[in-house]
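Hydrogens, waters and symmetry mates are skipped; everything else that's a heavy atom, side chains included, is used. Predicted model, so just to flag it, every value in this text is computed and none were measured.
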Amino acid sequence: MRVLVTGGAGFIGSHVVEALRESGHEPLVYDVRDDPGADVRDAGAVAGALSGVDAVCHQAAMVGLGNGVADAAEYVSRNDLGTAVLVAAMAEAGVRRLVLAGSMVVYGEGRYDCPRHGVVRPGPRAAADLDGGSFEPRCPQCGQDLVPGLVGEDAPADPRNVYAVTKLAQEHLAAVWARCTGGSAVSLRYHNVYGPRMPRDTPYAGVASFFRSALARGEAPRVFEDGRQRRDFVHVRDVAAANVAALEAESAPGVLTAYNTGSGEPRTVGEMARALSDAYGGPHPVVTGEYRLGDVRHITADSSRLRAALGWKPRVGFGEGMREFARAGLRGQ
(Lines give C-alpha, C1' and ligand atoms only; values in the text may rest on other atoms or scores of the structure.)
Protein backbone atom coordinates (compact mmCIF):
# COMPACT_ATOMS: atom_id res chain seq x y z
CA MET A 1 0.00 0.00 0.00
CA ARG A 2 1.29 3.48 -0.90
CA VAL A 3 0.55 5.69 2.10
CA LEU A 4 0.90 9.45 2.37
CA VAL A 5 1.91 10.33 5.93
CA THR A 6 1.25 13.98 6.69
CA GLY A 7 3.52 15.12 9.49
CA GLY A 8 5.71 12.14 8.64
CA ALA A 9 8.90 13.83 9.84
CA GLY A 10 7.47 14.61 13.28
CA PHE A 11 7.61 12.71 16.55
CA ILE A 12 4.77 10.23 16.02
CA GLY A 13 4.75 10.49 12.24
CA SER A 14 8.37 9.39 11.87
CA HIS A 15 7.63 6.23 13.86
CA VAL A 16 4.54 5.60 11.73
CA VAL A 17 6.71 5.86 8.62
CA GLU A 18 9.14 3.29 10.03
CA ALA A 19 6.35 0.92 11.05
CA LEU A 20 4.74 1.13 7.61
CA ARG A 21 8.03 0.41 5.89
CA GLU A 22 8.72 -2.54 8.18
CA SER A 23 5.26 -3.91 7.32
CA GLY A 24 6.02 -3.85 3.60
CA HIS A 25 4.19 -0.64 2.68
CA GLU A 26 5.52 2.40 0.83
CA PRO A 27 5.24 5.50 3.04
CA LEU A 28 5.52 8.95 1.49
CA VAL A 29 6.44 11.76 3.89
CA TYR A 30 4.59 15.07 3.59
CA ASP A 31 5.92 17.47 6.21
CA VAL A 32 6.95 21.12 6.36
CA ARG A 33 10.00 20.04 8.38
CA ASP A 34 11.37 18.37 5.25
CA ASP A 35 9.86 20.72 2.67
CA PRO A 36 8.49 24.19 3.53
CA GLY A 37 6.06 23.81 0.63
CA ALA A 38 4.48 20.69 2.13
CA ASP A 39 1.72 22.47 4.00
CA VAL A 40 -1.61 20.64 4.36
CA ARG A 41 -3.36 23.98 3.86
CA ASP A 42 -1.92 24.24 0.33
CA ALA A 43 -4.51 22.61 -1.91
CA GLY A 44 -2.23 22.39 -4.93
CA ALA A 45 0.65 20.83 -3.01
CA VAL A 46 -1.66 18.32 -1.33
CA ALA A 47 -3.24 17.35 -4.64
CA GLY A 48 0.19 16.68 -6.09
CA ALA A 49 1.25 14.61 -3.11
CA LEU A 50 -1.84 12.40 -3.41
CA SER A 51 -0.94 11.20 -6.91
CA GLY A 52 -0.77 7.40 -6.92
CA VAL A 53 -1.57 7.16 -3.22
CA ASP A 54 -3.76 4.37 -1.77
CA ALA A 55 -4.30 5.76 1.72
CA VAL A 56 -3.52 8.72 3.98
CA CYS A 57 -2.26 8.67 7.54
CA HIS A 58 -2.95 12.19 8.80
CA GLN A 59 -0.53 13.05 11.61
CA ALA A 60 0.12 16.71 10.80
CA ALA A 61 -1.23 19.05 13.46
CA MET A 62 -0.43 21.83 15.85
CA VAL A 63 -0.52 20.04 19.18
CA GLY A 64 -0.75 21.01 22.82
CA LEU A 65 -3.08 22.72 25.22
CA GLY A 66 -3.37 26.17 23.71
CA ASN A 67 -3.02 29.47 25.52
CA GLY A 68 -6.62 30.37 26.32
CA VAL A 69 -8.05 31.60 23.03
CA ALA A 70 -5.13 33.80 22.03
CA ASP A 71 -3.84 31.23 19.54
CA ALA A 72 -7.25 29.86 18.50
CA ALA A 73 -6.95 31.09 14.92
CA GLU A 74 -3.58 29.36 14.46
CA TYR A 75 -4.88 26.07 15.85
CA VAL A 76 -7.98 26.19 13.66
CA SER A 77 -5.94 27.07 10.59
CA ARG A 78 -3.37 24.33 11.00
CA ASN A 79 -5.62 21.57 12.28
CA ASP A 80 -9.08 22.17 10.85
CA LEU A 81 -8.43 24.10 7.66
CA GLY A 82 -5.55 21.73 6.96
CA THR A 83 -7.80 18.71 7.42
CA ALA A 84 -10.53 20.26 5.27
CA VAL A 85 -8.08 20.87 2.44
CA LEU A 86 -6.77 17.33 2.76
CA VAL A 87 -10.13 15.53 2.67
CA ALA A 88 -11.32 17.69 -0.23
CA ALA A 89 -8.22 16.74 -2.19
CA MET A 90 -8.67 13.08 -1.27
CA ALA A 91 -12.26 13.18 -2.53
CA GLU A 92 -11.07 14.64 -5.83
CA ALA A 93 -8.19 12.17 -6.16
CA GLY A 94 -10.28 9.11 -5.36
CA VAL A 95 -8.29 8.17 -2.23
CA ARG A 96 -10.73 6.29 -0.03
CA ARG A 97 -8.80 5.27 3.10
CA LEU A 98 -7.92 7.64 5.95
CA VAL A 99 -6.41 7.15 9.40
CA LEU A 100 -6.51 10.26 11.56
CA ALA A 101 -4.37 11.09 14.57
CA GLY A 102 -7.17 11.74 17.02
CA SER A 103 -6.87 12.54 20.69
CA MET A 104 -8.41 11.64 24.03
CA VAL A 105 -8.75 15.39 24.72
CA VAL A 106 -12.10 15.33 22.89
CA TYR A 107 -13.65 13.78 26.03
CA GLY A 108 -12.68 16.59 28.39
CA GLU A 109 -12.78 15.11 31.87
CA GLY A 110 -12.82 11.34 32.12
CA ARG A 111 -15.51 9.04 33.49
CA TYR A 112 -16.54 9.54 37.10
CA ASP A 113 -18.83 7.58 39.41
CA CYS A 114 -20.68 9.10 42.35
CA PRO A 115 -21.66 6.71 45.16
CA ARG A 116 -25.14 8.26 45.18
CA HIS A 117 -25.78 9.30 41.57
CA GLY A 118 -23.84 6.82 39.46
CA VAL A 119 -22.00 8.05 36.38
CA VAL A 120 -21.81 11.85 36.34
CA ARG A 121 -20.02 14.47 34.25
CA PRO A 122 -18.49 17.24 36.37
CA GLY A 123 -18.19 20.69 34.87
CA PRO A 124 -14.92 22.55 34.33
CA ARG A 125 -12.89 23.09 37.47
CA ALA A 126 -13.04 26.57 39.00
CA ALA A 127 -9.92 28.67 39.43
CA ALA A 128 -10.88 29.40 43.03
CA ASP A 129 -10.88 25.69 43.86
CA LEU A 130 -7.55 25.13 42.12
CA ASP A 131 -6.00 28.13 43.87
CA GLY A 132 -7.04 26.56 47.15
CA GLY A 133 -5.46 23.20 46.29
CA SER A 134 -8.80 21.47 45.67
CA PHE A 135 -8.04 19.59 42.46
CA GLU A 136 -10.54 16.72 42.42
CA PRO A 137 -13.85 17.25 40.59
CA ARG A 138 -16.91 16.70 42.73
CA CYS A 139 -20.38 15.42 41.96
CA PRO A 140 -22.36 18.25 40.34
CA GLN A 141 -25.50 17.07 42.17
CA CYS A 142 -24.36 16.37 45.73
CA GLY A 143 -20.79 17.62 45.94
CA GLN A 144 -19.37 14.26 47.04
CA ASP A 145 -15.99 12.89 46.02
CA LEU A 146 -15.98 10.97 42.75
CA VAL A 147 -14.25 7.77 41.67
CA PRO A 148 -12.45 8.07 38.30
CA GLY A 149 -12.89 5.28 35.75
CA LEU A 150 -12.22 4.42 32.12
CA VAL A 151 -13.83 6.32 29.26
CA GLY A 152 -15.33 4.43 26.33
CA GLU A 153 -15.53 5.71 22.76
CA ASP A 154 -19.27 6.26 23.10
CA ALA A 155 -18.85 8.85 25.86
CA PRO A 156 -20.09 12.31 24.85
CA ALA A 157 -17.45 14.73 23.61
CA ASP A 158 -16.72 17.67 25.89
CA PRO A 159 -13.60 19.50 24.63
CA ARG A 160 -12.27 21.99 27.18
CA ASN A 161 -9.55 23.90 25.36
CA VAL A 162 -8.87 25.18 21.86
CA TYR A 163 -6.69 22.25 20.87
CA ALA A 164 -9.36 19.78 21.96
CA VAL A 165 -11.99 21.63 19.92
CA THR A 166 -9.87 21.37 16.79
CA LYS A 167 -9.26 17.65 17.30
CA LEU A 168 -12.99 17.04 17.52
CA ALA A 169 -13.59 19.16 14.42
CA GLN A 170 -11.02 17.04 12.55
CA GLU A 171 -13.08 13.96 13.32
CA HIS A 172 -16.27 15.62 12.09
CA LEU A 173 -14.54 16.62 8.84
CA ALA A 174 -13.27 13.07 8.36
CA ALA A 175 -16.75 11.69 9.05
CA VAL A 176 -18.32 13.99 6.45
CA TRP A 177 -15.65 12.97 3.93
CA ALA A 178 -16.42 9.30 4.57
CA ARG A 179 -20.18 9.80 4.12
CA CYS A 180 -19.74 11.81 0.93
CA THR A 181 -17.24 9.48 -0.72
CA GLY A 182 -17.96 6.07 0.76
CA GLY A 183 -14.43 6.09 2.12
CA SER A 184 -13.22 4.43 5.29
CA ALA A 185 -12.08 6.71 8.11
CA VAL A 186 -10.52 5.74 11.44
CA SER A 187 -9.64 8.11 14.27
CA LEU A 188 -7.09 6.79 16.74
CA ARG A 189 -7.67 8.78 19.90
CA TYR A 190 -4.16 8.89 21.28
CA HIS A 191 -3.47 9.12 24.97
CA ASN A 192 -0.23 10.56 26.37
CA VAL A 193 2.27 9.38 23.79
CA TYR A 194 5.94 9.35 24.79
CA GLY A 195 9.21 7.88 23.57
CA PRO A 196 12.29 8.55 21.46
CA ARG A 197 12.30 11.69 19.29
CA MET A 198 9.89 13.67 21.44
CA PRO A 199 10.51 17.38 20.87
CA ARG A 200 12.24 19.17 23.71
CA ASP A 201 11.54 22.51 25.35
CA THR A 202 8.26 23.24 23.65
CA PRO A 203 4.83 23.79 25.20
CA TYR A 204 3.33 21.40 22.68
CA ALA A 205 5.38 18.31 23.54
CA GLY A 206 3.52 16.88 26.51
CA VAL A 207 4.36 16.37 30.14
CA ALA A 208 6.80 13.50 29.55
CA SER A 209 8.95 15.76 27.37
CA PHE A 210 8.87 18.56 29.94
CA PHE A 211 10.15 16.19 32.60
CA ARG A 212 12.80 14.64 30.35
CA SER A 213 14.03 18.08 29.26
CA ALA A 214 14.32 19.18 32.88
CA LEU A 215 16.36 16.12 33.78
CA ALA A 216 18.69 16.75 30.85
CA ARG A 217 19.34 20.24 32.26
CA GLY A 218 20.04 18.78 35.68
CA GLU A 219 16.78 20.18 37.06
CA ALA A 220 14.04 18.46 39.03
CA PRO A 221 10.86 17.75 37.04
CA ARG A 222 8.11 20.09 38.24
CA VAL A 223 4.86 18.21 38.79
CA PHE A 224 1.71 20.36 38.71
CA GLU A 225 -1.25 20.07 41.09
CA ASP A 226 -0.58 17.29 43.62
CA GLY A 227 0.81 14.80 41.11
CA ARG A 228 -2.14 12.45 41.52
CA GLN A 229 -3.86 13.26 38.23
CA ARG A 230 -4.32 10.07 36.20
CA ARG A 231 -3.20 9.58 32.61
CA ASP A 232 -2.44 6.72 30.24
CA PHE A 233 1.15 6.88 28.96
CA VAL A 234 1.48 4.90 25.74
CA HIS A 235 4.73 4.29 23.88
CA VAL A 236 5.14 5.83 20.45
CA ARG A 237 6.04 2.51 18.80
CA ASP A 238 2.77 1.03 20.04
CA VAL A 239 0.91 4.02 18.59
CA ALA A 240 2.70 3.56 15.27
CA ALA A 241 1.69 -0.11 15.24
CA ALA A 242 -1.92 0.92 15.84
CA ASN A 243 -1.75 3.15 12.75
CA VAL A 244 -0.52 0.24 10.62
CA ALA A 245 -3.25 -2.03 12.00
CA ALA A 246 -5.92 0.60 11.22
CA LEU A 247 -4.65 1.08 7.68
CA GLU A 248 -4.60 -2.66 7.00
CA ALA A 249 -7.99 -3.43 8.54
CA GLU A 250 -11.23 -3.78 6.62
CA SER A 251 -13.03 -0.70 7.94
CA ALA A 252 -16.68 0.08 7.39
CA PRO A 253 -17.22 2.36 4.38
CA GLY A 254 -19.03 5.65 4.73
CA VAL A 255 -18.41 6.15 8.45
CA LEU A 256 -15.72 7.22 10.87
CA THR A 257 -14.76 4.70 13.53
CA ALA A 258 -12.99 5.97 16.65
CA TYR A 259 -10.64 3.87 18.76
CA ASN A 260 -9.09 4.84 22.08
CA THR A 261 -5.37 4.20 21.80
CA GLY A 262 -3.69 3.77 25.16
CA SER A 263 -1.65 1.32 27.18
CA GLY A 264 -4.58 0.31 29.36
CA GLU A 265 -2.45 0.95 32.48
CA PRO A 266 -3.47 4.24 34.14
CA ARG A 267 -0.64 5.97 36.01
CA THR A 268 -0.44 9.22 37.91
CA VAL A 269 1.66 12.07 36.57
CA GLY A 270 3.68 11.95 39.77
CA GLU A 271 4.32 8.24 39.31
CA MET A 272 5.54 8.84 35.77
CA ALA A 273 7.84 11.66 36.93
CA ARG A 274 9.36 9.43 39.61
CA ALA A 275 9.87 6.51 37.22
CA LEU A 276 11.56 8.73 34.66
CA SER A 277 13.71 10.46 37.27
CA ASP A 278 14.80 7.15 38.78
CA ALA A 279 15.70 5.77 35.36
CA TYR A 280 17.66 8.92 34.52
CA GLY A 281 19.42 9.04 37.88
CA GLY A 282 17.74 12.14 39.34
CA PRO A 283 17.10 14.82 40.38
CA HIS A 284 13.89 13.73 42.09
CA PRO A 285 10.68 15.49 41.00
CA VAL A 286 9.04 18.22 43.05
CA VAL A 287 5.28 18.72 43.38
CA THR A 288 4.49 22.43 42.91
CA GLY A 289 0.72 22.81 43.30
CA GLU A 290 0.66 24.88 40.10
CA TYR A 291 -2.05 24.25 37.53
CA ARG A 292 -3.22 25.09 34.03
CA LEU A 293 -6.87 26.05 33.92
CA GLY A 294 -7.56 24.14 30.69
CA ASP A 295 -6.19 20.85 32.04
CA VAL A 296 -8.49 18.06 33.13
CA ARG A 297 -7.94 16.09 36.31
CA HIS A 298 -8.24 12.47 35.20
CA ILE A 299 -8.53 11.08 31.69
CA THR A 300 -7.87 7.41 31.03
CA ALA A 301 -9.73 5.39 28.46
CA ASP A 302 -10.78 1.86 27.71
CA SER A 303 -8.81 0.66 24.66
CA SER A 304 -10.46 -2.77 24.47
CA ARG A 305 -12.36 -1.89 21.27
CA LEU A 306 -9.08 -1.38 19.42
CA ARG A 307 -7.70 -4.65 20.74
CA ALA A 308 -10.81 -6.60 19.79
CA ALA A 309 -11.44 -5.05 16.38
CA LEU A 310 -7.89 -4.77 15.04
CA GLY A 311 -5.97 -7.33 17.07
CA TRP A 312 -3.67 -4.60 18.36
CA LYS A 313 -2.10 -4.61 21.78
CA PRO A 314 0.63 -2.49 23.38
CA ARG A 315 3.97 -4.25 23.68
CA VAL A 316 6.14 -1.71 25.52
CA GLY A 317 5.55 -1.83 29.27
CA PHE A 318 5.64 1.27 31.45
CA GLY A 319 8.91 0.49 33.22
CA GLU A 320 10.68 -0.58 30.04
CA GLY A 321 9.41 2.45 28.17
CA MET A 322 10.51 4.91 30.86
CA ARG A 323 13.98 3.37 31.03
CA GLU A 324 14.35 3.70 27.27
CA PHE A 325 12.97 7.24 27.27
CA ALA A 326 15.41 8.26 30.00
CA ARG A 327 18.29 7.29 27.70
CA ALA A 328 16.78 8.50 24.42
CA GLY A 329 17.73 11.82 22.89
CA LEU A 330 15.18 14.57 22.37
CA ARG A 331 14.81 16.52 19.17
CA GLY A 332 14.31 20.18 18.41
CA GLN A 333 10.90 21.66 17.75
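- Considering only heavy atoms from C-beta on, D113 comes within 4.5 Å of R111 through its side chain.
- Checking side-chain atoms of R116 against main-chain N and O of C142 turns up no donor-acceptor pair under 3.5 Å.
- V286 belongs to no hydrophobic cluster with other residues, because no ILVMFWY side-chain heavy atom falls under 4.5 Å from its own, directly or through intermediates.
- The shortest non-hydrogen separation linking G152 to N260 is C-ND2, 3.8 Å.
- For the salt bridge (charged side-chain N to carboxylate O under 4.0 Å, His left out) condition, no pair includes a residue of residues 275-285, sequence neighbours left out.
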Under the criterion side-chain contact (heavy atoms from CB on, under 4.5 Å), I'd like the reasoning laid out for L146 against V120: C-alpha separation, chi angles, the key distance, then a yes or no.
CA-CA 9 Å; L146 300 173; V120 297; 3.7 Å; yes
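- In the hydrophobic clustering (ILVMFWY side chains linked at under 4.5 Å, chained through shared members), W177 is joined by L4, L28, Y30, V40, V46, L50, V53, V56, L81, V85, L86, V87, M90, V95, L98.
- A continuous path of hydrophobic side-chain contacts links V193 to V5 [ILVMFWY only; heavy atoms under 4.5 Å].
- How far CD of E320 is from CZ of R315: 11.5 Å, rounded to the nearest 0.5 Å.
- For the atom pair CZ (F211) and CD (E219), the distance works out to 13.0 Å, reported to the nearest 0.5 Å.
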Go through N192 and M104 one step at a time and tell me if the side-chain contact (heavy atoms from CB on, under 4.5 Å) criterion holds.
CA-CA 9 Å; N192 292 73; M104 53 83 184; 3.5 Å; yes
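- Closest of all the heavy-atom pairs between S213 and L330 is OG-CD1, 3.4 Å.
- Taking the six-membered ring wherever Trp is involved, the centroid distance between the rings of H191 and F233 does not fall below 6.0 Å.
- Residues passing the side chain to side chain donor-acceptor pair (under 3.5 Å) test with E18 are R197, sequence neighbours excluded.
- Residues F224 and V105 do not share a hydrophobic cluster, clusters being chains of Ile/Leu/Val/Met/Phe/Trp/Tyr side chains in contact below 4.5 Å.
- With a 4.5 Å cut-off on side-chain heavy atoms, V207 and V269 count as touching.
- Side chain of R189 to backbone of A258: no donor-acceptor contact under 3.5 angstrom is found.
- We find the CG-CD distance between L168 and Q170 to be 10.0 Å, quoted to the nearest 0.5 Å.
- Side-chain heavy atoms closer than 4.5 Å link hydrophobic residues (I, L, V, M, F, W, Y) into clusters, and following such links, possibly through other members, connects V162 to V106.
- Between atom CG of residue N243 and atom CD1 of residue I12 there is a gap of 8.0 Å, rounded to the nearest 0.5 Å.
- L100 is not connected to V236 by any chain of hydrophobic side-chain contacts under 4.5 Å among Ile, Leu, Val, Met, Phe, Trp and Tyr, and they are in different clusters.
- Atom CG of L276 sits about 6.0 Å away from atom CE of M322, to the nearest 0.5 Å.
- Not one N or O on the side chain of D238 forms a donor-acceptor pair closer than 3.5 Å with the backbone of P314.
- We find that R78 and E74 are joined by a salt bridge, their nearest charged nitrogen and carboxylate oxygen being less than 4.0 Å apart.
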Verify side-chain contact (heavy atoms from CB on, under 4.5 Å) between V3 and D54, making sure each step is shown before the conclusion.
CA-CA 6 Å; V3 183; D54 302 303; 6.0 Å; no
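- Legend: residues meeting salt bridge (Lys or Arg N to Asp or Glu O under 4.0 Å) with E26, ordered by chain and number and at least two apart, are R2.
- Side-chain polar atoms of Y280 and R327 form no donor-acceptor pair below 3.5 angstrom.
- Judged by distance alone, the side chain of S23 and the main-chain N or O of A19 form a donor-acceptor pair under 3.5 Å.
- Between L150 and P266, the closest side-chain pair of non-hydrogen atoms falls below 4.5 Å.
- Put simply, the side chain of P285 reaches to within 4.5 Å of the side chain of R274, judged on heavy atoms.
- For residues 228-237, the pairs satisfying salt bridge (charged side-chain N to carboxylate O under 4.0 Å, His left out) are R237-E324, with sequence neighbours left out.
- Contacts of R41 classified as salt bridge (Lys or Arg N to Asp or Glu O under 4.0 Å), with partners at least two apart in sequence or in another chain: D39.
- For the pair E109 and R121, the tightest heavy-atom approach, listed with the atom from each and the gap, is O-NH2, 4.3 Å.
- Judged as a side chain to side chain donor-acceptor pair (under 3.5 Å), and not counting sequence neighbours, R21 has no contacts.
- For the salt bridge (charged side-chain N to carboxylate O under 4.0 Å, His left out) condition, no pair includes a residue of residues 239-251, sequence neighbours left out.
- For the pair K167 (side chain) and A101 (backbone), a donor-acceptor distance under 3.5 Å is present.
- Counting only distance, with no hydrogens or angles, the side chain of S303 and the backbone of L306 share no donor-acceptor pair below 3.5 Å.
- With contacts defined as side-chain heavy-atom distances shorter than 4.5 Å, the pair R331/S14 qualifies.
- One finds no salt bridge joining E136 and R125 here, because no Lys/Arg side-chain nitrogen approaches an Asp/Glu carboxylate oxygen to under 4.0 Å.
- Shortest non-hydrogen contact noted between I299 and G108 is CD1-O, 4.0 Å.
- Looking at D71 and Y163, their side chains never bring a donor and an acceptor atom within 3.5 Å of each other.
- Relative ring orientation between Y112 and H298 is described as tilted, the plane-to-plane angle lying within the 30° to 60° band.
- Minimum interatomic distance between G102 and S187 (heavy atoms only, all atoms of both residues): CA-OG, 3.5 Å.
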Please test M272 against Y194 for side-chain contact (heavy atoms from CB on, under 4.5 Å), starting from the C-alpha separation and ending with a verdict.
CA-CA 11 Å; M272 187 273 286; Y194 74 96; over 6 Å; no
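- Residues P199 and F11 form a side-chain contact, since some pair of their non-hydrogen atoms from C-beta on lies under 4.5 Å apart.
- S184 contributes no side-chain N or O that, together with a main-chain N or O of R97, makes up a donor-acceptor pair within less than 3.5 Å.
- Grouping the Ile, Leu, Val, Met, Phe, Trp and Tyr side chains by contacts below 4.5 angstrom, directly or via other members, places V63 with V296.
- With sequence neighbours excluded, no residue forms a side chain to side chain donor-acceptor pair (under 3.5 Å) with S134.
- A donor and an acceptor atom, one from each side chain of Q59 and T6, are nowhere located under 3.5 Å apart.
- L188 is not listed as a side-chain neighbour of V239, based on a closest heavy-atom distance of 4.5 Å or more.
- Under the salt bridge (Lys or Arg N to Asp or Glu O under 4.0 Å) criterion, E265 pairs with R267, not counting sequence neighbours.
- Within 6.0 Å of CD on E92 lie no more than 12 heavy atoms contributed by other residues, nucleotides or ligands.
- Side chains of Q229 and D295: no donor on one and acceptor on the other come within 3.5 Å.
- Heavy atoms only, all atoms of each residue included: V223 and A273 are closest at CG2-CB, 3.7 Å.
- Under the 4.5 angstrom side-chain criterion for Ile, Leu, Val, Met, Phe, Trp and Tyr, V147 has no cluster partners at all.
- Electrostatic pairing of R222 and E290 counts as a salt bridge here, judged by a charged N lying under 4.0 Å from a carboxylate O.
- Residues Y291 and D131 have side chains that bring a donor and an acceptor to within less than 3.5 angstrom of each other.
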